[in-house]
2 protein chains.
Amino acid sequence: MPKAKFEGIYRSIKQKIEAQDYPYQSLLPSENTLIAEYGCSRNTVRRALAELSDEGYIQPIQGKGVRVIYQPVGKTTFIIGGIETFQETARRNHLHAVTKVTRFETVVADEKFARESGFAPGDELWAVERVRYLDGKALILDVNYFLKEFMPGLTPEIAARSIYEYIENELGMQIVTSKRKMTVERATIRDEQRLDLNGYDCVAVITNHTFNSDGLMFEYTRSRHQPDYFCFQDTATRKK
Amino acid sequence: MPKAKFEGIYRSIKQKIEAQDYPYQSLLPSENTLIAEYGCSRNTVRRALAELSDEGYIQPIQGKGVRVIYQPVGKTTFIIGGIETFQETARRNHLHAVTKVTRFETVVADEKFARESGFAPGDELWAVERVRYLDGKALILDVNYFLKEFMPGLTPEIAARSIYEYIENELGMQIVTSKRKMTVERATIRDEQRLDLNGYDCVAVITNHTFNSDGLMFEYTRSRHQPDYFCFQDTATRKK
DNA sequence: GCCGATTTGTCCGTATGTATC
DNA sequence: CGATACATACGGACAAATCGG
């Protein structure tokens with residue numbers, strides 16, 4: 001059940017677009033029509049539309065209407081967008097997921113690592129290395145660093161299950177913002193040892209800074225992906 | 001000069017954050033303070049803040065304030081984010097850019113290509129292949145398809161300069177939304193012929209669907225990047 | 001633990017500007 | 001030119017979260 005009104009409207013319209021009830025290239029009902037339909041103010045409708053516009057579902061055209069630009073994606077694509085846990089991603093793609101913890105220890109950030117990661121020198125961190133398997137193939141090598149102070153009770157067993165679930169359900173901490181960088185790097189010896197590289201000499205690397213609901217960075221992660229199952233989606237809008 | 005009021009406020013605050021006038025981890029002045037400072041309504045301030053939040057500059061905390069989570073990026077990073085022309089990217093990174101057109105012809109979308117690209121079967125398209133050089137190294141192989149009907153006057157000379165400039169300045173057409181997919185693919189024979197791969201056997205591939213201000217898809221592009229200078233940035237916020 | 005002040009989150013109604021047809 | 005549709009802006013109201021006394 002959506003808490004906010006605009007969210008319900010957002011979901012309703014989104015669903016109709018995905019069901020192609022509002023088909024690709026068609027114009028949505030006008031804002032005034034939607035106001036009448038949902039019994040709300042103009043601002044509330046516009047808020048829902050803004051969200052859909054951000055996600056690349058629609059594009060408003062001043063004086064004309066709101067065009068649907070959503071097209072259903074091919075079912076084979078493996079999407080790593082938004083902030084999603086490994087488990088969520090696996091489930092959505094109907095794949096069997098296994099996680100193996102290959103390192104679990106405490107480290108202290110030195111000057112150099114602080115600059116790289118964004119932590120402060122002297123911060124005590126959990127260093128966790130995990131290999132992710134999908135359908136028996138080792139595809140992702142994750143190296144996470146967590147501020148120890150925020151999760152003193154972390155264990156290898158939790159790391160093998162889902163750290164995010166632990167953070168959100170056990171600790172009641174909310175993950176809000178995630179800043180990511182995507183690059184391609186040559187595979188290291190360690191990549192070759194840990195991953196099924198399938199002949200590739202490169203990996204896709206996602207570097208991640210995660211902030212909790214207090215605006216504090218508590219996680220720094222580098223994920224190294226075997227290229228076959230890696231896909232990253234994005235929508236950008238150009239500033240006027 | 002910003003047309004809209006909220007945009008001026010957005011830029012002002014953004015600048016202060018980048019100058020670390022509002023430093024990392026600090027709280028912004030409260031909305032009421034900003035209202036007084038900029039002489040505007042609450043909605044207008046909030047609109048500016050929403051934009052900054054989307055871009056990962058700030059994170060609002062209900063009941064507490066708005067935390068700055070922006071940290072200046074290292075100067076070596078080469079960012080290909082937003083919708084930016086090749087020239088804009090080169091200029092921002094102080095690199096000398098050259099473009100060579102290696103293919104320029106008309107094609108008609110068949111059934112298969114229509115499914116891949118999102119064009120309609122039978123659409124007449126410009127097919128343009130270009131190699132991008134930065135500081136003398138061939139780093140990017142672009143293959144663009146444009147709806148011919150929208151740009152009948154396209155020439156190889158324009159393609160060698162800047163097609164986006166032509167579209168926006170000459171044709172007065174506005175580019176609004178761009179949907180992108182990022183993957184990593186094994187380098188092809190053609191990649192090896194055209195690019196300075198520096199020993200890599202992979203390329204980063206960005207697949208792009210571009211919509212104009214009428215919400216019509218008029219461009220489909222696949223850009224193949226040599227890994228060394230490739231970086232893609234993104235900010236995600238988790239839904240409640 | 002409670003209360004009140006502060007701060008952000010949501011929603012409403014209205015007015016005016018601008019682009020399209 | 002007028003009607004319609006989206007864009008911007010204002011002001012007000014109440015809810016929800018935080019924090020200090």
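Just so we're on the same page: letters track the sequence lines, and every chain starts at 1.
The side-chain hydrogen bond (donor to acceptor under 3.5 Å, both in side chains) search around Glu157(B) returns Thr155(B), not counting sequence neighbours. For Arg130(B), the side-chain hydrogen bond (donor to acceptor under 3.5 Å, both in side chains) partners at least two apart in sequence or on another chain are Asn144(B). For Tyr57(B), the ring pair (Phe, Tyr, Trp, His ring centres under 6.0 Å) partners are Tyr70(B), not counting sequence neighbours. By the side-chain hydrogen bond (donor to acceptor under 3.5 Å, both in side chains) test, Thr183(A) is found to be paired with no residue, residues two or more places apart in sequence or in another chain being considered.
The pairing partner recorded for dT10(C) is dA13(D), the criterion being a Watson-Crick or G-U wobble arrangement whose two distances lie under 3.5 angstrom.
Regarding contacts with the backbone of dT8(D), every side-chain N or O of Thr44(B) stays at 4.0 angstrom or more from both OP1 and OP2. Proximity of Lys5(B) to the phosphate of dA7(D): no side-chain N or O atom is located under 4.0 Å from OP1 or OP2.
Under the salt bridge (charged side-chain N to carboxylate O under 4.0 Å, His left out) criterion, the residue pairs touching residues 16-40 of chain A are Lys16(A)-Glu37(A), Glu31(A)-Arg42(A), Glu31(A)-Arg46(A), with sequence neighbours excluded.
Rounded to whole Å, atom C1' of dG12(D) lies 15 Å from atom CD of Glu31(B). Atoms OH (Tyr10(A)) and P (dC11(C)) sit 15 Å apart, rounded to a whole Å. Taking atom CZ of residue Arg67(B) and atom P of nucleotide dT7(C), one finds them 15 Å apart after rounding to whole Å. Separating the CZ atom of Phe6(B) from the C1' atom of dA9(D) is a distance of 11 Å, rounded to the nearest angstrom. Protein atom CD of Glu7(B) is 13 Å distant from nucleotide atom C1' of dA7(D), rounded to whole Å. Between the P atom of dT6(C) and the CD1 atom of Ile35(B) lies a distance of 14 Å, rounded to the nearest Å. Between Asn32(B) atom CG and dA5(C) atom C1' the separation is 12 Å, expressed in whole Å. Note: CZ (Arg46(B)) to P (dC10(D)) measures 15 Å, nearest angstrom.
A salt bridge between Lys112(A) and Glu116(A) is absent, with no side-chain N of the basic residue lying under 4.0 Å from a carboxylate O of the acidic one.
Between Arg47(B) and Asn43(B), the residue anchored closer to the 5' end of DNA chain D is Arg47(B), taking for each the nucleotide with the nearest heavy atom. Comparing Leu28(B) and Val45(A) by the nucleotide of DNA chain C whose heavy atom lies nearest to each, the residue mapping closer to the 5' end is Leu28(B). Of the residues near DNA chain C, Gly39(A) and Pro29(B), the one whose nearest nucleotide (by heavy atom distance) lies more toward the 5' end is Pro29(B).
No donor-acceptor distance shorter than 3.5 angstrom exists from the side chain of Asp214(A) to the backbone of Leu216(A), with no hydrogens or angles considered.
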| request: Would you give a per-nucleotide map of nucleotides 13-21 of chain D, 5' to 3', where B means the base has a protein non-hydrogen atom under 4.0 Å away, S means only the sugar-phosphate does, and - means neither? | output: B--BBBS--
